[in-house]
Amino acid sequence: MNQTSSRSIGDLSQTLEDYLEIIFHLQQQRKVARVKEIAQQKGVKMASVSVALKRLAREGMVRYEAHGFVELTESGLALARKVVSRHEFLCRFLREVLLIDAEVAEADACALEHQISTQTLERMVCFFQHLMDSAGAEPRWIAGFRDACAAPRPGEVQQKASRPAQPPERTVEPQPLSLLKQGEVGRVVRMLAGSAVRQRLVEMGVLPNVAIEMDGSSPLGDPIRVKIRGYRLSLRRSEADTILVLREQPA
Amino acid sequence: MAGSAPPSTGAGLVRIALVGNPGAGRTTISSALTQRRVCMASFPGVAEERSGVFSLGQLQCALFDLPGCYSLAAQNPDERVACDVLFFGGVQVVVQVIDAANIERHLYLTSQLAELGVNLVLCLNMSDVARREGWTIDAALLSRRLGDVPVVQCEGRRRAGIEALRRAILEAAEHPRRPEAFCHTDELEAVIAEVEGLLAGPARPGAAAAGQPAEPKGAPGPGTSREAAQLAEVPRRFAALSLLEGDAGTKALVRRGHPRGAELIARVDELVERLEAKHGESLLVLLADRRWAWAGSLVRDVAALSRPAGSASFSDHVDRLLTHRLLGLPLYLLIVYIVFWLTFRVGEAPSRWIEAGFGLLGQSIEAGWPAAYLPELRSLLVHGVLAGVGGVLVFVPYIVLLFACLSLLQSTGYMARAAFLNDRLMRRIGLHGKSFLPIAVGFGCTVPAVMACRTLESERDRLTTMLILPLISCGSRLPIYLLLIPAYFSPGWWAPLMMGVYLFGMLIAALLARFLRSTLLSGEDSPFVMELPPYRLPSLRFLLAQVGRPAWLYLRKIGTIVLALSVVLWTLTTYPRKPEFAVDQRVAAGEMVEQAQLAAERSAEQLAWSAAGRIGRALEPVLAPMGFDWRLGTAFLGAMAAKEMFVAQMGIVFALGHVEEDSPTLRQRLAESYPPWVGLGVIIFALIASPCMSTLVIVRRESGSWRWPLLQWFALTLLAYLLATLVNLTGKLLAG
């Protein structure tokens with residue numbers, strides 16, 4: 001990666017890089033980023049966000065007034081782009097070269113991006129470029145690698161084996177709890193709710209890795225009803241939307 | 001955690017707090033323990049009817065039945081009250097009531113109580129239900145695993161196991177024992193210990209040894225403020241955990257009550273940020289995860305479920321029907337209708353008997369008491385006191401029946417479904433699903449409707465519902481419409497107009513609710529996240545116990561004030577006595593006046609002469625924009641006692657004697673005296689303005705301050721004034 005601006009990856013702590021990334025995405029989506037939204041996205045306290053924002057502001061990465069809007073500065077934007085593109089690259093590399101499932105790739109990219117050295121990263125980019133450039137005539141060993149990955153391994157589920165030898169098209173992404181259909185089970189991966197609702201959810205036993213079964217909705221369609229930890233819980237759709245789950249395949 | 005005054009119990013009482021999740025059966029256990037003795041103990045925030053005194057061996061015990069809470073996070077007012085009592089109430093024994101059939105979820109609260117280090121007794125309630133559902137619970141093992149905390153199996157509804165519970169409480173009171181606080185991960189424990197060390201005083205951070213449970217009460221160094229004293233009462237480990245979870249109340253308390261509060265909070269924020277960044281998860285979730293894991297492993301060890309998980313129970317089938325996509329709402333409306341019918345139709349008869357009884361009593365007193373002998377006292381007794389007592393007692397049948405229904409709905413578990421069914425509709429206007437029922441009851445009478453608002457957990461929802469309830473046109477206002485509408489409009493218009501009045505009230509109520517929720521009572525909607533408990537049949541004894549309390553409370557707390565106010569109103573409409581009547585002079589001058597007409601003319605003159613009449617006259621300039629004269633003003637003043645009094649008062653001012661709402665003479669006189677638009681204004685004014693004094697008093701009682709009923713009175717009266725003025729001016733304009 002070329003160094004075009006004064007700051008480069010690695011100068012900031014990984015947490016701050018994460019924040020930059022979130023602010024960047026928020027700005028893309030809705031022009032401005034607010035502290036509350038950042039806290040929600042990251043799943044941390046607003047206080048934690050303000051501490052981080054103050055540091056970012058000190059580094060000249062964001063313009064930020066307490067409790068107000070947050071805006072990336074020029075250099076902040078440049079660095080955020082770098083962080084984001086690095087993440088996207090790693091994701092793509094894992095998916096398309098190593099043929100790793102999208103969700104795993106996403107998670108591993110997160111883990112890798114902060115640990116990997118600039119040198120290794122640049123070499124990987126180079127390797128990937130090389131591979132893509134020769135895509136017209138894909139080397140035999142690559143094709144062989146793909147076939148080997150696609151072959152069922154002992155203990156692997158049949159369904160994965162039957163996947164075509166291409167990057168998977170339909171991926172299992174975390175989705176809001178409210179999108180589950182009646183009788184479907186989802187496992188909580190992330191909770192985005194604000195503190196009051198989150199507190200309540202947590203004390204009712206909604207936590208990451210807990211299985212929740214959808215049990216229909218009210219006749220008017222809004223509060224939904226789920227089964228969790230052996231009892232029934234009702235919650236509004238707006239609240240259920242803040243719980244991201246991975247749909248579990250019926251046994 | 002809000003501050004609180006010291007509880008007002010006598011010395012020498014052992015204080016026992018009853019805590020538990022909503023629906024664990026605390027009330028059943030509490031009434032079984034106290035056997036409904038006269039209440040003497042009170043604590044701010046704990047409704048008086050929820051505490052009691054009972055004797056246990058040699059000990060006198062005061063029992064506080066705390067509001068149901070899922071955790072000690074103090075997120076809503078009920079939980080805050082529970083925390084306040086536990087921290088500052090000087091409680092010696094804490095009894096946690098657990099629904100044995102739902103033990104894992106209830107143990108979450110246990111984990112927090114253990115961290116709080118209270119002297120705990122566990123009461124496994126509904127063990128019969130649990131057994132039926134296939135649970136076997138090893139109470140002895142559970143007790144050992146919790147560090148020899150007494151665990152008692154109970155069936156509150158059948159009063160089984162209560163003796164054992166009493167013994168356990170006695171034992172715990174005499175030999176206090178703290179449950180074993182479980183450990184979080186080493187990393188979290190180190191952080192907790194560091195925060196505890198910070199809280200302990202200006203010592204070096206991190207000085208406290210990791211893993212050591214905190215001293216239950218530690219002085220946080222210098223600082224003499226109230227907050228400092230309060231902070232000292234909170235067990236340090238619990239305060240540390242609350243800070244780490246980001247509890248706003250604890251933060252505020254530390255900031256003000258700790259000598260180096262701000263610094264401490266900054267350090268805690270830093271710690272929280274570090275941990276959250278490391279684990280990619282909020283600390284609240286990390287801590288809770290640990291508690292749930294603890295509860296889960298405990299349940300796996302001490303309890304076994306023989307019924308295959310996931311098999312549909314009776315409750316599931318009932319639920320399928322009652323929340324059915326098509327049948328759910330009609331069934332709900334049917335149930336609301338039955339509640340309404342039972343309350344007001346069945347309650348009407350005893351209510352009438354009471355009214356008639358007091359009428360008879362009054363008449364017999366008047367008959368037996370010579371008019372010449374102490375006439376003022378005779379009048380006060382019959383028209384002031386007896387009428388007032390009667391006016392208070394007529395509500396009792398309604399309240400008893402309504403609360404029988406409510407408590408049946410609540411204890412069977414249907415109330416949660418009612419909220420589930422309606423929430424979408426009610427949230428549109430800023431209310432909660434549970435607000436529907438009080439509003440439906442409001443069509444009968446506002447007083448029991450306000451009392452029914454207790455089923456709403458969030459204070460904001462409760463207040464909003466209470467404040468708009470007078471706009472739901474109650475039965476007492478019906479006579480006013482029945483009098484006025486036919487006076488001005490042809491029969492074809494009667495039904496649509498009547499419908500229109502009710503709908504108009506509901507519209508204003510909806511608008512007002514929206515307005516309140518975006519101004520005075522603004523804030524995020526309270527989370528709806530709510531358990532749908534399994535359906536259960538309550539015992540008759542429990543229902544009866546539930547019914548007696550609100551009726552008793554009403555009589556004691558409301559009755560006295562309403563009685564006093566009705567005597568005041570009677571005085572206003574009776575005094576000063578007019579020395580000479582114009583009609584007497586006319587008779588003396590030779591005019592022929594019938595005996596009945598004479599009495600009617602006299603009472604009309606008397607009312608005009610009385611304080612109420614004078615106030616009415618004095619107010620005339622204010623009433624003028626609405627087109628009202630002093631007679632309407634005086635009648636409305638008299639109708640403060642009860643809305644239906646308006647008709648009688650109008651009869652008196654027009655010198656017609658005692659009239660009913662279908663009196664053609666009064667209608668004719670009204671039509672002659674006021675144009676139709678003023679008639680419409682009177683209807684609007686009767687609908688919106690000035691809730692009756694019973695309503696105001698009950699709102700005061702249920703909201704805990706005079707602020708709300710006064711605000712309600714002024715706001716609604718002002719609104720009615722503006723609307724009636726608008727109608728009057730428009731009417732005048734259109735009429736040319």
Side-chain angles (χ1 to χ4, degrees), chain A residues 13-16 18-19 39 42-52 55 107 110-111 188 190-191 193-210 213 215-240, chain B residues 69-71 73 75-76 102 104-105 108-109 245-248 265-266 269-270 272-274 276-277 280-285 287-289 292 295-296 305 309-310 319 323-329 332 416-417 419-425 427 433 524-534:
Chain A
S13 81
Q14 39 172 289
T15 324
L16 292 185
D18 273 350
Y19 276 109
K42 188 136 168 66
V44 297
K45 302 261 173 308
M46 302 230 323
S48 309
V49 177
S50 7
V51 173
R55 281 212 218 139
C110 285
V188 178
R190 200 137 185 227
M191 295 165 66
S195 69
V197 175
R198 184 199 303 247
Q199 173 74 47
R200 176 47 83 87
L201 286 171
V202 159
E203 64 197 37
M204 299 306 284
V206 182
L207 283 172
N209 280 324
V210 171
E213 182 187 330
D215 190 32
S217 68
S218 153
L220 292 175
D222 193 357
I224 60 165
R225 177 172 53 183
V226 297
K227 276 190 220 165
I228 177 173
R229 294 182 194 266
Y231 76 97
R232 279 191 173 71
L233 186 71
S234 75
L235 64 172
R236 292 184 178 138
R237 280 189 186 276
S238 57
E239 290 154 351
Chain B
C69 53
Y70 290 106
S71 80
Q75 287 279 336
N76 64 37
N102 218 333
E104 184 181 346
R105 223 206 39 234
Y108 181 79
L109 181 61
E245 285 176 355
D247 179 68
I265 300 247
D269 282 344
E270 208 175 301
V272 168
E273 195 210 352
R274 205 187 69 208
E276 287 184 343
E281 195 55 83
S282 72
L283 207 52
L284 174 70
V285 171
L287 290 165
D289 198 33
W292 278 108
L305 182 61
D319 212 26
T323 59
H324 188 268
R325 207 162 51 84
L326 296 174
L327 295 177
L329 279 175
Y332 174 70
R417 270 78 180 183
F420 177 67
L421 290 170
N422 280 305
D423 184 63
R424 181 166 200 180
L425 210 65
R427 198 154 54 114
E524 271 181 51
D525 287 349
S526 53
F528 186 77
V529 184
M530 178 184 73
E531 183 188 2
L532 294 174

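Just so you know, these numbers use all the heavy atoms, side chains as well, and skip hydrogens, waters and symmetry mates. Reminder, nothing fancy here: chain letters follow the sequence lines and each chain counts from 1. Just so it is clear, the structure is predicted and the values come from calculations on it, not from any experiment.
B/W292 places no side-chain N or O within donor-acceptor distance of the main-chain N or O of A/V206, the cut-off being under 3.5 Å.
Only the backbone of A/I224 comes within less than 4.5 Å of a heavy atom of chain B; no side-chain atom from C-beta onward does. A/N209 does not touch chain B: none of its heavy atoms, backbone or side chain, sits under 4.5 Å away. If you measure heavy-atom distances from A/L220 to chain B, the contacts under 4.5 Å come from both the backbone and the side chain. For chain B, the nearby part of A/S238 is the side chain; its heavy atoms alone come within less than 4.5 Å. Of the atoms belonging to B/D289, heavy atoms from both backbone and side chain fall under 4.5 Å from chain A. Contact of B/Y108 with chain A is made through the side chain alone, with heavy-atom distances under 4.5 Å.
Listed by chain and residue number, nothing satisfies the salt bridge (Lys or Arg N to Asp or Glu O under 4.0 Å) test with A/R198 (two or more places apart in sequence, or in another chain). For B/T323, the side chain to side chain donor-acceptor pair (under 3.5 Å) test picks out A/R225, with sequence neighbours left out.
For the options B/R325, B/E531, B/H324, B/M530, heavy-atom pairs under 4.5 Å to chain A are most numerous at B/M530. Among the candidates B/L327, B/D319, B/L425, the residue making the largest number of heavy-atom pairs closer than 4.5 Å to chain A is B/D319. Comparing A/A39, A/A47, A/G205 by how many heavy-atom pairs each has under 4.5 Å with chain B, the most go to A/G205. Comparing A/G216, A/P223, A/P208 by how many heavy-atom pairs each has under 4.5 Å with chain B, the most go to A/P223. Per-residue counts of heavy-atom pairs under 4.5 Å with chain B were compared for A/E213, A/R237, A/M204; the largest is that of A/M204. Ranked by heavy-atom pairs under 4.5 Å with chain B, the list A/V44, A/D18, A/L201, A/L235 is led by A/V44.
Nearest heavy atom pair, residue B/G328 against residue A/P219, reads CA-CG, 4.5 Å. Of all non-hydrogen atoms in B/L109 and B/C69, the two that sit nearest each other are CD2-O, 3.7 Å.
Results of the side-chain hydrogen bond (donor to acceptor under 3.5 Å, both in side chains) test with A/S48 over B/E273, B/E270, B/E276 single out B/E276 as the only residue that passes.
Note that CG of A/D215 and CZ of A/R232 are 4.5 Å apart. Values are rounded to the nearest 0.5 Å. Note that the CZ atom of A/R200 and the OG atom of B/S71 stand 8.0 Å from one another [nearest 0.5 Å].
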